J.: 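I have a structure here, written as structure tokens, and I will follow up with some questions on it.
Here the structure is a predicted model, which is why all the values come from computation and not from measurement.
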Amino acid sequence: MTKHHLNVSERHWRRNLGLRIRNKPTIWCLPTVRIVPQTKLHRPTCLGATTHVVELKPHECLDKRALTIDLLPHHDDRRRLHLPFEPTRVRIHREFLVDLFGFGCICLTRGRRDSDLFQVLKIRLEKGKRDDTDLGGKTSYLKHTDKHHDRLLGGLLSPDMDEQYCLSRYKSSMFRKPSPFSVSPYLVEKLRKYEELHKKCGPNSKFFKQAIDQLNSGQSVDNAECKYIIWTQINGLGNRMLSLVSTFLYALLTNRVLLAELTPEMKDVFCEPFPGSSWQLPFDEFPIKLLLLKYREDSPESYTVMLKNKNITDSSNITHESLPSLVFFNAVAFNWRMENHLFCEKDQKILQKFNWMVVKSDGYYAAAFFLLPMYRNELRRLFPIKESVFHHLGRYLFQPANPVWNIIERFYQTHLINSDEKVGLQIRLFREEPIPFEDVYNHIMACSEKENLLPKLDHSNHDNSTPIVDKRTSILVLSLSSEFYERIKAMYYEKSTVSGEMVAVYQPTHEREQDSQAKFHNQKALAEMILLSYCDKIITTATSTFGYVAHGLSGSKPWVLRTLNRLMKEPGPACVRSMSVEPCLHSPPILECKANVSIDPTEVEPYLRQCDDAPPMGLKLYDLV
């Protein structure tokens with residue numbers, strides 16, 4: 001520790017804590033330590049006759065292996081109560097610090113009436129080689145400490161961001177396994193160039209003001225300095241994130257600036273992803289209001305409506321000046337199919353001539369761009385590994401805002417940090433075709449039994465007091481309902497496991513109903529997606545966009561509960577292991593581009609196949625083995 005830090009530490013202790021210091025204490029994270037009366041804590045009080053607690057904010061101390069607290073009796077009470085003059089030392093190892101980290105305080109309880117007569121003399125956070133005698137030599141550090149974790153995600157993230165503005169940006173990778181996919185240097189280069197473009201053309205820039213004037217003119221122009229694509233939100237948070245990644249990919253492919261229509265319920269959900277500029281559409285400057293309501297499939301600004309009304313032709317000779325200033329790109333699934341023409345090459349060439357584009361989508365349409373020969377070479381350079389598209393772009397775009405990150409970090413440090421294995425179970429029940437609880441539960445158990453996902457129960461009457469394995473497993477249940485959590489928790493409460501491993505079951509929330517128009521609901525939904533992505537094994541519900549986002553961010557192939565899908569009623573296994581990390585495009589285009597003959601998209605490229613959770617209509621990117 002530097003001399004400056006020692007001086008600050010001593011002043012802090014003497015002025016704020018009024019404690020006597022026997023020699024200079026070894027303090028690693030002193031500014032995070034303070035003594036407060038228990039009665040002033042706005043939290044559940046500690047048990048016992050304790051009058052003081054040590055309250056820690058341990059975010060900077062995650063690599064320390066133990067906490068040592070020296071307690072010294074107050075001078076006036078030593079002789080009266082015949083207490084020893086030597087300090088009493090309490091040593092708390094890392095395993096027990098887990099509860100301290102989540103709860104935020106530790107009780108200094110002696111179990112005697114004189115417990116309030118002790119003051120904290122010294123607090124020491126230690127690091128170094130762990131003593132094998134500490135709890136059987138078992139270690140439970142974070143897998144990726146601040147020294148070793150990949151803060152910039154292989155170059156995806158720019159270092160030019162204020163860390164305090166977005167705490168999760170450079171911390172979230174500490175809690176997740178390393179990515180299984182390398183990042184293409186070309187993708188890194190492309191993102192840096194895009195960030196420069198966004199800074200140049202984004203809100204409050206002179207070019208943005210010029211583009212607004214051009215929009216008001218009602219006419220596109222050739223050689224525009226900046227072109228824009230505006231994303232409008234629809235449906236739940238998972239749908240929004242999938243469509244936003246797809247729209248950002250479209251912006252990269254067409255050199256447009258992405259602006260997002262973020263309504264109040266999306267405030268404080270995500271951090272701004274682009275350094276030096278905002279991705280939010282400035283409502284006070286943009287002349288068109290309520291884009292979501294204004295633009296529909298029959299809107300005159302719709303590209304397909306323009307073609308139908310012959311306002312424009314599909315000729316390659318069409319000029320910029322003959323086109324309106326704005327076009328509506330409707331990528332919403334309609335009867336499980338997207339509109340024709342959107343993914344035909346000649347139509348894409350015309351769409352690129354519009355200076356402003358508004359996109360509405362409720363799903364992941366990024367895979368459809370691989371159908372177009374004009375984009376294939378660029379996509380190959382950006383994503384040599386095809387199934388890494390959402391994984392890379394999602395981790396780049398979606399950094400939880402500080403209020404969301406606080407939820408994530410508190411929950412993880414309290415419940416998951418000390419687990420040897422984390423199993424995430426996401427259960428989505430679709431209102432359209434309700435399934436009885438017992439049927440769903442039985443399918444989950446059948447999936448677990450077949451794939452060996454949850455720890456097996458010991459149904460014998462023998463006392464399994466000696467564990468076969470020294471292991472702690474945490475099961476994270478994510479569902480709008482609490483019934484599944486209660487049943488699984490009771491299951492492990494009533495019986496031990498065959499291996500003797502310790503099992504803990506958690507559920508962060510159970511909202512009962514999805515309310516995507518409520519900000520706090522969206523914040524909690526994002527927190528749970530991120531927590532699910534931190535799990536070692538991920539079990540999701542077929543066609544659930546929530547599950548797509550979680551396993552996509554994780555980079556792991558999930559087990560999919562097939563029989564929960566309202567569209568899949570044929571007999572089959574309870575779950576299957578997905579062959580790809582990518583989300584599913586539920587509504588692939590018909591591709592009537594040539595001779596008005598419908599073409600099967602899976603016949604276009606070998607790495608485009610039917611989704612394993614939504615056949616026969618889904619489309620997904622796979623990597624060839």
J.: Can you list every disulfide bond (SG atoms under 2.5 Å apart) pair that touches residues 236-289, not counting sequence neighbours?
T.: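 The answer is C166-C271.
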J.: When rounded to the nearest 0.5 angstrom, what distance separates CD1 in I230 from NZ in K360?
T.: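 The distance works out to 13.5 Å.
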J.: Could you check, using the six-membered ring where one of them is a Trp, whether Y375 and F370 have ring centers closer than 6.0 angstrom?
T.: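 Centroid distance Y375-F370: not below 6.0 Å, so no.
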J.: Quick one: do F175 and W405 satisfy ring-ring contact (aromatic ring centres under 6.0 Å, His included)? Show the steps, please.
T.: CA-CA 12 Å; F175 300 92; W405 179 247; 5.6 Å; yes
J.: Side-chain contact test, heavy atoms from C-beta onward, threshold under 4.5 Å: evaluate it for F286 versus E261 and give yes or no.
T.: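 F286 vs E261: side chains apart.
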J.: Which salt bridge (charged side-chain N to carboxylate O under 4.0 Å, His left out) pairs, counting each pair once, include a residue from residues 302-311, with sequence neighbours left out?
T.: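 As it turns out, there is no salt bridge (charged side-chain N to carboxylate O under 4.0 Å, His left out) pair with a partner in residues 302-311 once direct neighbours are skipped.
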J.: Nearest heavy-atom pair of E345 and P373: which atoms, and what distance?
T.: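 Closest approach of E345 to P373: OE1-CD, 3.0 Å.
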J.: How are the rings of Y396 and F274 set relative to one another: parallel (under 30°), tilted (30 to 60°) or perpendicular (over 60°)?
T.: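 It falls in the tilted class, 30° to 60°.
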J.: List in chain and number order the residues that pass side chain to side chain donor-acceptor pair (under 3.5 Å) with Y194, two or more places apart in sequence or in another chain; answer none if no residue qualifies.
T.: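 Result, side chain to side chain donor-acceptor pair (under 3.5 Å) vs Y194: H198.
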J.: Taking the side chain as everything from C-beta on, heavy atoms only, tell me whether L351 gets closer than 4.5 Å to V327.
T.: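 The answer is yes; the side chains approach within 4.5 Å.
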J.: Check whether any side-chain heavy atom of Y228 sits under 4.5 Å from a side-chain heavy atom of R256, and report yes or no.
T.: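 Result no, sub-4.5 Å side-chain heavy-atom pair not found.
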J.: What I'd like to find out is whether the side chain of K519 reaches to under 4.5 Å of the side chain of K267, using heavy atoms alone.
T.: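 K519 vs K267: side chains touch.
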J.: To the nearest 0.5 Å, tell me how far L397 CG sits from F390 CZ.
T.: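 L397 atom CG to F390 atom CZ measures 9.0 Å (nearest 0.5 Å).
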J.: Which pair of heavy atoms, one from I538 and one from S556, lies closest together, and at what distance?
T.: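 In this case the closest contact between I538 and S556 is CD1-OG, 3.5 Å.
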J.: Does anything in residues 225-237 pair up under salt bridge (charged side-chain N to carboxylate O under 4.0 Å, His left out), and if so which pairs, sequence neighbours excluded?
T.: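 Passing the test, one end in residues 225-237: K200-E225.
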J.: In terms of side-chain heavy atoms, does T319 have a donor or acceptor partner in S322 at a distance below 3.5 Å?
T.: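 Yes.
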J.: Would F369 and Y250 count as a ring-ring contact (aromatic ring centres under 6.0 Å, His included) here? Give the steps.
T.: CA-CA 8 Å; F369 293 119; Y250 195 20; 4.9 Å; yes
J.: Given side chains that start at C-beta, do those of P508 and L476 come closer than 4.5 Å, heavy atoms only?
T.: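 They are in contact (side-chain heavy atoms under 4.5 Å apart), so the answer is yes.
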J.: Could you check whether any side-chain heavy atom of I312 comes within less than 4.5 Å of a side-chain heavy atom of L323, counting everything from C-beta outward?
T.: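 Yes, their side chains come closer than 4.5 Å.
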J.: Would D612 and K620 count as a salt bridge (charged side-chain N to carboxylate O under 4.0 Å, His left out) if you check the C-alpha gap in whole Å, the side-chain angles of each, and the deciding distance to 0.1 Å?
T.: CA-CA 9 Å; D612 38 30; K620 183 185 270 192; 3.3 Å; yes
J.: Going by the disulfide bond (SG atoms under 2.5 Å apart) test, which pairs reach into residues 352-389, not counting sequence neighbours?
T.: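 Listed once each, the pairs would be none.
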J.: Not counting sequence neighbours, list each pair that qualifies as a salt bridge (charged side-chain N to carboxylate O under 4.0 Å, His left out) and has a residue in residues 388-408.
T.: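 Not a single pair qualifies under salt bridge (charged side-chain N to carboxylate O under 4.0 Å, His left out).
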J.: Could you measure the distance from the CG atom of L152 to the OG atom of S173? Nearest 0.5 Å is fine.
T.: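 One finds 8.5 Å between CG of L152 and OG of S173.
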J.: Of all heavy-atom pairs between L478 and L532, which one has the smallest distance, and what is that distance?
T.: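 Closest heavy-atom pair between L478 and L532: CD1-CB, 3.5 Å.
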J.: Does a sphere of radius 6.0 Å around CZ in F520 hold more than 12 heavy atoms from other residues, nucleotides or ligands, not counting ones at 6.0 Å or beyond?
T.: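 Atom CZ in F520 is not crowded, with 12 or fewer foreign heavy atoms closer than 6.0 Å.
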J.: Which residue pairs satisfy the salt bridge (charged side-chain N to carboxylate O under 4.0 Å, His left out) criterion with at least one member in residues 525-534, sequence neighbours excluded?
T.: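 Of all non-adjacent pairs touching residues 525-534, none passes salt bridge (charged side-chain N to carboxylate O under 4.0 Å, His left out).
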J.: Apply the test salt bridge (charged side-chain N to carboxylate O under 4.0 Å, His left out) to residues E378 and K190: give CA-CA distance (whole Å), side-chain angles for both, the deciding distance (0.1 Å), then the verdict.
T.: CA-CA 10 Å; E378 182 77 355; K190 189 80 172 181; 3.0 Å; yes
J.: Any donor and acceptor pair, going by atom type alone, linking the side chain of S299 with main-chain N or O of E301 inside 3.5 Å?
T.: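 No, S299 side chain to E301 backbone: no donor-acceptor pair under 3.5 Å.
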J.: In Å, rounded to the nearest 0.5 Å, how long is the span from CD1 of I407 to CG of N402?
T.: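 So the CD1 of I407 and the CG of N402 are separated by 11.5 Å.
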J.: Would you tell me whether E582 and S580 have side-chain atoms, one donor and one acceptor, within less than 3.5 Å of each other?
T.: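 There is no such pair (donor and acceptor under 3.5 Å, judged by atom type) between the side chains of E582 and S580.
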J.: Restricting to non-hydrogen atoms, name the atom on A525 and the atom on L237 that form the minimum distance, rounded to 0.1 Å.
T.: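 Looking at all heavy atoms of both residues, the shortest contact is CB-CD2, 4.0 Å.
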J.: Might you point out which heavy atoms bring E195 and S158 nearest each other, and give the distance in Å?
T.: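 Heavy atoms of E195 and S158 come nearest at OE1-CB, 3.6 Å.
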J.: Just verifying a value: how many Å separate K346 NZ and I318 CD1, rounded to the nearest 0.5 Å?
T.: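 Rounded to the nearest 0.5 Å, the NZ-CD1 separation comes to 12.5 Å.
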J.: Who pairs with S533 by side chain to side chain donor-acceptor pair (under 3.5 Å), at least two apart in sequence or on another chain?
T.: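 Here the qualifying residues are R176.
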J.: Using only heavy-atom distances, determine whether the side chains of E272 and S278 contain a donor-acceptor pair under 3.5 Å.
T.: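 Side chains of E272 and S278: pair found under 3.5 Å.
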J.: I'd like to know whether Y364 forms a ring-ring contact (aromatic ring centres under 6.0 Å, His included) with Y548, so could you lay out the CA-CA distance, the side-chain angles of the two residues, the decisive distance to 0.1 Å, and finally the verdict.
T.: CA-CA 10 Å; Y364 187 68; Y548 290 162; 8.3 Å; no
J.: When you measure from the centre of the six-membered ring of Y622, is the NZ or CZ of R609 under 6.0 Å away and within 45° of the axis?
T.: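 Geometry flag: set, cation within 6.0 Å and 45°.
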J.: What residues, two or more places apart in sequence or in another chain, satisfy side chain to side chain donor-acceptor pair (under 3.5 Å) together with Q280?
T.: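 Q280 satisfies side chain to side chain donor-acceptor pair (under 3.5 Å) with no residue once adjacent residues are dropped.
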J.: Under the criterion side chain to side chain donor-acceptor pair (under 3.5 Å), I'd like the reasoning laid out for D623 against Y607: C-alpha separation, chi angles, the key distance, then a yes or no.
T.: CA-CA 6 Å; D623 274 290; Y607 44 76; over 6 Å; no
J.: Which residues satisfy the side chain to side chain donor-acceptor pair (under 3.5 Å) test with Q214, sequence neighbours excluded?
T.: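 Q214: side chain to side chain donor-acceptor pair (under 3.5 Å) contacts with N355, W356.
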J.: For C535, enumerate each residue passing the disulfide (SG to SG under 2.5 Å) test, keeping only those at least two apart in sequence or located in another chain.
T.: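 Listed in chain order: nothing, the list is empty.
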J.: With heavy-atom distances below 4.5 Å as the criterion, would you say the side chains of V358 and I288 are in contact?
T.: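 They are not in contact (no side-chain heavy atoms under 4.5 Å apart), so the answer is no.
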J.: Quick one: list whatever passes salt bridge (charged side-chain N to carboxylate O under 4.0 Å, His left out) with E189, sequence neighbours left out.
T.: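 For E189 the salt bridge (charged side-chain N to carboxylate O under 4.0 Å, His left out) partners, ignoring immediate neighbours, are K193.
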J.: With a 6.0 Å cut-off on ring centres, are H586 and Y365 close enough?
T.: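 No, the ring of H586 stays outside the 6.0 Å limit from the ring of Y365, centre to centre.
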J.: Within the structure provided, determine whether E605 and L608 are in side-chain contact (heavy-atom separation under 4.5 Å).
T.: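 Of all side-chain heavy-atom pairs linking L608 with E605, at least one is under 4.5 Å.
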J.: P180 and H391: which non-hydrogen atoms are nearest, and at how many Å?
T.: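 Smallest interatomic distance, heavy atoms only, reads CD-NE2, 4.3 Å.
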